[in-house]
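Here the structure is a predicted model, which is why all the values come from computation and not from measurement. Throughout, protein chains are lettered first and strands after them, A, B, ... in sequence-line order, and every chain is numbered starting at 1. Side-chain atoms are counted along with the backbone in the values below, which use heavy atoms only and exclude waters and symmetry mates.
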There are 4 protein chains.
Amino acid sequence: MMKTTTPDSLATDAPAKARGSARKADSNRPKRNGAVTRQRILDVAMSEFADHGYSGSRIDRISASAGVNVGMIYHYFSNKDDLYLAALEACYKVIRDRERTLDVNEGDPISAMRQLIELTFDFLSTDPYFVRLIMSENLMMGRIAQRSATIPVMTQPLLDSLRTILKRGQAERLFHKDIDAENFYVSILGLCFVHVSNRYTLSSMFQHDFADPEWLKQRKGVVTDILISYLRGSEV
Amino acid sequence: MMKTTTPDSLATDAPAKARGSARKADSNRPKRNGAVTRQRILDVAMSEFADHGYSGSRIDRISASAGVNVGMIYHYFSNKDDLYLAALEACYKVIRDRERTLDVNEGDPISAMRQLIELTFDFLSTDPYFVRLIMSENLMMGRIAQRSATIPVMTQPLLDSLRTILKRGQAERLFHKDIDAENFYVSILGLCFVHVSNRYTLSSMFQHDFADPEWLKQRKGVVTDILISYLRGSEV
Amino acid sequence: MMKTTTPDSLATDAPAKARGSARKADSNRPKRNGAVTRQRILDVAMSEFADHGYSGSRIDRISASAGVNVGMIYHYFSNKDDLYLAALEACYKVIRDRERTLDVNEGDPISAMRQLIELTFDFLSTDPYFVRLIMSENLMMGRIAQRSATIPVMTQPLLDSLRTILKRGQAERLFHKDIDAENFYVSILGLCFVHVSNRYTLSSMFQHDFADPEWLKQRKGVVTDILISYLRGSEV
Amino acid sequence: MMKTTTPDSLATDAPAKARGSARKADSNRPKRNGAVTRQRILDVAMSEFADHGYSGSRIDRISASAGVNVGMIYHYFSNKDDLYLAALEACYKVIRDRERTLDVNEGDPISAMRQLIELTFDFLSTDPYFVRLIMSENLMMGRIAQRSATIPVMTQPLLDSLRTILKRGQAERLFHKDIDAENFYVSILGLCFVHVSNRYTLSSMFQHDFADPEWLKQRKGVVTDILISYLRGSEV
DNA sequence: CATGAATGAGAGTTCATTCAT
DNA sequence: TATGAATGAACTCTCATTCAT
């Protein structure tokens with residue numbers, strides 16, 4: 001089975017030593033370093049949960065991949081639920097951090113919006129572990145996410161960015177007025193998410209690979225067109 | 001936990017007697033009837049798999065809900081995988097059948113397309129078991145669906161309908177030319193799917209309920225606008 | 001897995017029609033014929049029990065192979081134990097019948113004994129289902145066989161034959177006197193049985209096939225030599 | 001049902017503490033000791049498999065008798081097959097070790113061979129668990145044993161011993177020349193094995209107990225006579 | 001006679017979690 | 001901090017047997 005890889009360079013703020021793929025034996029790594037161990041567990045957990053969903057994930061497999069003892073997982077994360085929550089939040093942190101790298105006040109609003117769309121499209125397509133973790137959580141009907149205090153907080157900057165771009169576009173009469181930031185984000189998400197979330201069933205339906213780079217490139221154009229043309233739509 | 005309900009009236013072609021939600025005791029129902037029992041198991045399985053995903057679903061729970069012995073499930077479906085496949089295919093059959101109720105050759109192309117979009121939107125929003133089953137299957141990376149011979153076959157009429165509408169619209173110069181039926185279906189699906197698939201994480205992010213009827217109604221308008229305005233887009 | 005075949009021509013006294021390998025559909029066979037059905041079940045049961053031992057055997061598999069319904073097995077044989085007993089007795093009947101084809105009063109005693117040994121050797125080597133059924137029964141510590149009234153009865157003619165040959169040989173001073181018929185039969189059995197009963201573990205130990213025809217032929221000579229030279233042994 | 005007992009003193013090299021029959025509560029034994037637990041499971045497994053054959057054996061019963069949790073069996077032996085293989089190999093180790101206690105270069109060849117025969121006879125008669133395990137494995141057509149690398153290796157010293165004795169006997173003109181070591185071992189095995197392997201069916205046939213010490217003693221003499229007289233046979 | 005749907009007990013195996021060391 | 005042995009509950013699946021039709 002294909003394994004989703006978590007983006008080591010972005011997933012955490014842990015010291016550089018801790019990064020790199022998890023390994024069972026690494027004579028160089030310090031024998032006792034709580035933060036590093038904790039982070040290694042978290043990295044592995046993200047990909048395990050992404051690969052198998054919550055109930056499909058195995059504590060044993062995580063501990064083996066992280067090269068630590070089962071007890072360590074319980075030491076740092078209490079139980080499977082809490083570990084899952086930590087993985088989920090870490091995951092949201094990655095995309096929200098990346099969104100903030102955009103400067104939404106600069107340049108023309110259309111290209112700003114296009115950048116945000118493309119960033120979202122690329123992020124979801126390139127790092128499917130995010131999509132998978134989100135799907136998994138929704139399959140559980142938000143059982144874990146609803147306990148999170150940081151998820152709504154992390155959403156705020158994204159909403160602010162969207163509102164800024166929309167306001168600037170409306171001020172310049174490039175976008176029509178009836179556009180709600182939150183609702184528009186749902187549209188972005190839907191169009192950037194579905195070919196990743198539904199990659200396999202779409203493949204069954206249409207008998208080709210929806211992760212093919214050529215297809216993705218063309219699809220990104222279509223998605224951007226759809227969304228931008230909608231923003232400008234009421235001109236018509 | 002909320003329970004998704006499968007649409008009894010559509011899920012099967014079994015005799016009317018068999019329909020109705022599963023129940024443990026029904027003095028009226030025949031004590032030994034293979035077809036009916038099989039169907040009752042399948043109905044229950046669809047909602048169990050939708051509610052809990054593949055690994056979260058329990059054979060015990062299915063047999064209890066269906067009011068049959070565990071062994072019966074294995075008698076009719078061999079194993080969990082095959083039962084899941086049967087549920088998945090039954091599920092696809094429902095939406096594909098519903099899509100075929102539309103007459104794509106009649107009326108103007110725009111309203112034909114609008115009908116298809118709205119049907120899709122309504123179906124996915126009203127019967128989340130479909131969305132959830134699809135998500136679950138994709139989380140398993142299509143392990144089961146790829147064994148299905150009927151899924152691609154059932155897709156054909158949908159593609160035909162889309163192509164018919166698009167061709168008619170292009171002939172009447174209502175739609176621009178560069179639209180690929182399959183690609184457009186992915187857009188429809190993305191916009192009709194995401195608020196259901198991501199209902200719970202979106203709720204965590206934005207702190208309101210994405211199944212609220214008022215919100216859904218408004219959202220359906222937006223989705224239709226986005227898609228239709230894209231179809232006509234090249235006018236701009 | 002290799003399948004032991006029961007000797008159709010010898011296993012039963014049922015009408016010829018019933019013989020031949022079991023089959024699922026045979027349009028020619030009479031739809032209702034108790035004796036035939038019963039026999040077909042018994043034939044299949046012998047090979048099933050021989051192939052898998054008691055606990056490894058499956059009623060379902062027997063009914064499928066016999067081309068009859070599960071209920072039929074219970075109709076004719078009450079339960080698994082009784083079916084097993086019937087198979088075991090049928091099995092003993094085959095070898096005991098075969099032994100009686102020898103005329104122990106004719107010719108010289110040595111060649112009579114040699115014939116009996118060779119008959120035993122050939123029977124056990126050629127039809128391993130007998131050996132396997134006996135092993136299986138012994139693994140169960142004779143749980144079933146001890147209920148059989150016919151097994152000891154069927155043994156009598158064999159003992160009689162052995163005693164006749166021994167007595168004749170001793171009268172002619174060809175065999176020494178201290179030979180007990182029963183004990184001698186155990187020796188015959190041991191030497192004719194072990195390469196069949198232990199075929200697979202011997203193969204693991206010595207890394208060659210103990211069912212190889214060439215090896216069997218040579219081994220039969222050795223076994224006969226050992227036993228005959230023992231009979232004449234007191235000359236030394 | 002009679003229970004075969006495994007020879008605790010020989011089955012393992014585990015520390016003395018671990019020996020003795022399995023028991024549920026033993027306040028003296030260490031609560032957490034992998035090697036000891038593993039060995040206790042193996043000891044119990046040997047007798048369970050010997051008593052019931054492979055399919056008749058129950059993991060539950062083994063764990064109960066060993067006084068450990070079911071999971072422990074899977075922790076140490078992965079699955080029933082592997083546990084069975086471990087038991088089988090342990091079993092072979094016992095007899096092969098015992099055979100090596102003989103000094104085949106000392107004394108006269110006839111008495112050396114007699115010792116080997118009697119050791120084999122006694123071992124198989126006294127510890128029927130060996131015979132039963134071997135039977136069970138053969139009933140499965142060597143499914144497990146053929147995966148063993150150690151069984152053929154452990155056979156080598158036995159073959160060497162036999163060859164040594166035979167060569168010495170032939171050099172001294174005590175044995176005739178045409179004797180193959182492997183073939184002769186099959187004869188030894190057959191004659192020492194059959195009254196144990198077929199104990200119950202022989203009892204049904206002849207209506208007396210083939211484990212009776214008096215009978216065994218006399219039989220041992222017969223078996224030795226048969227084999228030794230064959231070795232010297234060609235003198236005649 | 002004959003069918004196969006239905007049962008219930010129990011099989012092997014897995015897994016989150018705890019705890020002695 | 002760190003280990004991995006140990007637990008107990010649960011899960012998927014099997015099977016001899018019964019019984020309505």
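L42(B) places a side-chain heavy atom less than 4.5 Å from the side chain of F77(B). Looking at S47(C) and Y129(C), their side chains never come closer than 4.5 Å, going by heavy atoms from C-beta outward. Between S148(C) and L88(C) there is no side-chain heavy-atom pair separated by less than 4.5 Å.
Along DNA chain F, the nucleotide closest to M72(D) and the one closest to R61(B) are compared, and the more 5′ of them pairs with M72(D).
Applying the side chain to side chain donor-acceptor pair (under 3.5 Å) test to R58(C) and every residue at least two apart in sequence or in another chain returns nothing.
Residue Y76(A) places at least one side-chain N or O under 4.0 Å from the OP1 or OP2 atom of dA2(F).
At the heavy-atom level, F77(B) lies nowhere under 4.0 Å from the strands shown.
Between the P atom of dG4(E) and the CZ atom of R38(B) lies a distance of 16 Å, rounded to the nearest Å. Atoms CD1 (I73(D)) and P (dG12(E)) sit 9 Å apart, rounded to a whole Å. The distance from atom CG of D82(A) to atom P of dA16(E) is 15 Å, rounded to the nearest whole Å. What separates NE2 of H52(A) from P of dA16(E) is a distance of 12 Å, to the nearest Å. The NE2-C1' distance, from H75(B) to dT3(E), rounds to 11 Å in whole Å.
Across all their heavy atoms, L139(A) and S136(B) have their closest contact at CD1-CA, 3.6 Å. Listed here is the closest heavy atom pair of F49(B) and A87(B): CD1-CB, 4.1 Å.
Helical stems of DNA chain F (runs of at least 3 Watson-Crick or G-U pairs, donor-acceptor distances under 3.5 Å) are listed by first residue: E:2-21 with F:2-21.
For the pair R143(B) and Y84(B), the cation does not sit on the ring face, since its NZ or CZ is not both under 6.0 Å from the ring centre and inside 45° of the axis.
The residues D51(C) and R61(C) are annotated as not salt-bridged, no charged nitrogen and carboxylate oxygen being separated by less than 4.0 angstrom.
Proximity of a side-chain donor or acceptor of S65(D) to a complementary backbone N or O of I62(D) within less than 3.5 Å is not detected.
Here the nucleotide nearest the side chain of T37(A), chosen from dA6(E), dC1(E), dA2(F), is dA2(F).
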Check: Which letters describe nucleotides 13-18 of chain F, given B = protein heavy atom under 4.0 Å from base, S = only from sugar-phosphate, - = neither?
Finding: BBSSBB

